[in-house]
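For ligands, and for the atoms within them, numbers begin at 1 and follow the listed sequence.
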Amino acid sequence: MSILMKRRAVLLGSGALMLGACSKIQQSDAGRGLFESVEDWHKGLQRFVRARDALAREYAPEDISPFFRGNGSTDPQNDGYPQHAANGFADWRFTVTGLVERPLSLSLDQIMRLPQRTQITRHDCVEGWSAIGQWTGPQLSTFLDLARVRDSANYIVFRCADDYTQGRYYESIDMIDAIHPQTIIAHRLNGEPLPIRNGAPLRARVERQLGYKHAKYLTGVEAVASLDDIGLGKGGYWEDYGGYQWYAGM
Ligand SMILES: Nc1nc2c(c(=O)[nH]1)N[C@H]1C(S)=C(S)[C@@H](COP(=O)(O)O)O[C@H]1N2
Ligand SMILES: [Mo]
C-alpha cells in the first residue's frame with residue numbers, strides 16, 4: 001500500500017468506528033447533544049483534513065513573473081558548493097535517509113528519469129513579496145515510496161548545502177505535506193535548470209506554505225519520528241533563529 005492509501009485507510013477507519021458508536025448514543029435524548037458535539041468535532045476534523053489535502057492555486061503561463069528574485073542564500077560559498085556549480089552539478093547527490101527501509105543516493109540524471117510534475121504557483125515570502133513561477137520535478141512522495149518510508153516517520157527534514165548567517169539551512173514538514181501532490185523536488189524553474197539564486201540544482205516546493213519552507217540547495221531528505229534533535233528543535237532554520245511558525249500554511 002502507498003503511504004497515501006495507508007493514511008486514508010486510517011482516517012476512514014476511525015470515521016467508521018465513530019459513526020457506529022454515535023448512532024447508538026443518538027437514540028437517547030441525553031445522547032443527542034453529545035452526538036451533535038461529536039459530529040461537529042468530526043466535521044471539523046474532516047474540514048481540517050480536506051483543507052490540508054486541497055491543492056494550492058495553479059496559474060496560467062501568462063501569469064509567470066518576468067523575474068523570480070532570489071532571497072536568503074542566493075550564492076552559497078561553503079563546503080564545495082562553488083565547485084559543484086562550476087561543473088554543472090554533475091556529481092551532485094540527493095539522499096533519502098532516516099526512517100526508510102531502503103536508503104537512496106540519487107544523481108540528477110536518475111531524478112530526471114522519475115515521473116515529473118510541472119506546476120505554476122505563487123510563492124509568498126513573509127518579507128512581503130510574491131512571485132509566480134513554473135516548477136518541475138518529481139513529487140516527494142515518489143522518493144518516499146521508492147525508499148519505502150517507515151510508518152514510524154512523522155516528519156520529513158530537508159537537508160541543504162548552504163550556510164546562512166546562523167549556520168546550515170534546514171526545514172521540515174509533516175507527512176500530510178510530504179505526500180501532498182504539489183510537494184515536489186524541483187530542478188527546473190520556467191523550463192530552465194534552476195538558477196543558483198533559486199536553489200540549484202534542487203529545491204523543495206511546498207505550495208500550501210510560505211516561502212521559508214521551500215528549502216533550496218537540497219542534498220537530501222531525512223525521515224524522522226521527532227524534530228527534537230533537528231537543529232535547535234523547532235524544525236527549521238527560521239523557526240529556530242527567527243521565531244517563525246513551524247506550520248506556515250496559507
Ligand atoms: N537553503 C535555503 N533555502 C531557503 C532559503 C535559504 O536562505 N536557504 N530562504 C528561504 C526563503 S525565506 C524564501 S522566501 C525562499 C526564497 O526562494 P527564492 O530564492 O527562489 O526566491 O527560499 C527559502 N529557502
Ligand atoms: Mo522568505
Output a table of donor-acceptor pairs, distance under 3.5 Å, between side-chain atoms of residues 96-103 and any protein atom two or more places apart or on a different chain; print 'none' if there are none.
from, atom 1, to, atom 2, distance (Å)
Arg102, NE, Leu146, O, 3.1
Arg102, NH2, Leu146, O, 2.9

Amino acids contacting ligand 1, non-hydrogen cut-off under 4.0 Å: Phe68, Arg69, Gly70, Asn71, Gly72, Ser73, His123, Cys125, Trp129, Cys160, Asp162, Tyr169, Arg197, Asn198, Arg203, Gly211, Tyr212, His214, Ala215, Lys216, Tyr217
Side chains of Gln182 and Arg117 in contact at under 4.5 Å (non-hydrogen atoms): yes
Passing candidate, ring-ring contact (aromatic ring centres under 6.0 Å, His included) with Tyr212, options Tyr247, Trp238, Tyr244: Tyr244
NZ/NE/NH1/NH2 to OD/OE distance under 4.0 Å, Lys213 and Asp177: no
Under 3.5 Å side-chain donor-acceptor pair for His180 and Glu207: no
Sidechain N-carboxylate O distance under 4.0 Å for Asp63, Arg57: no
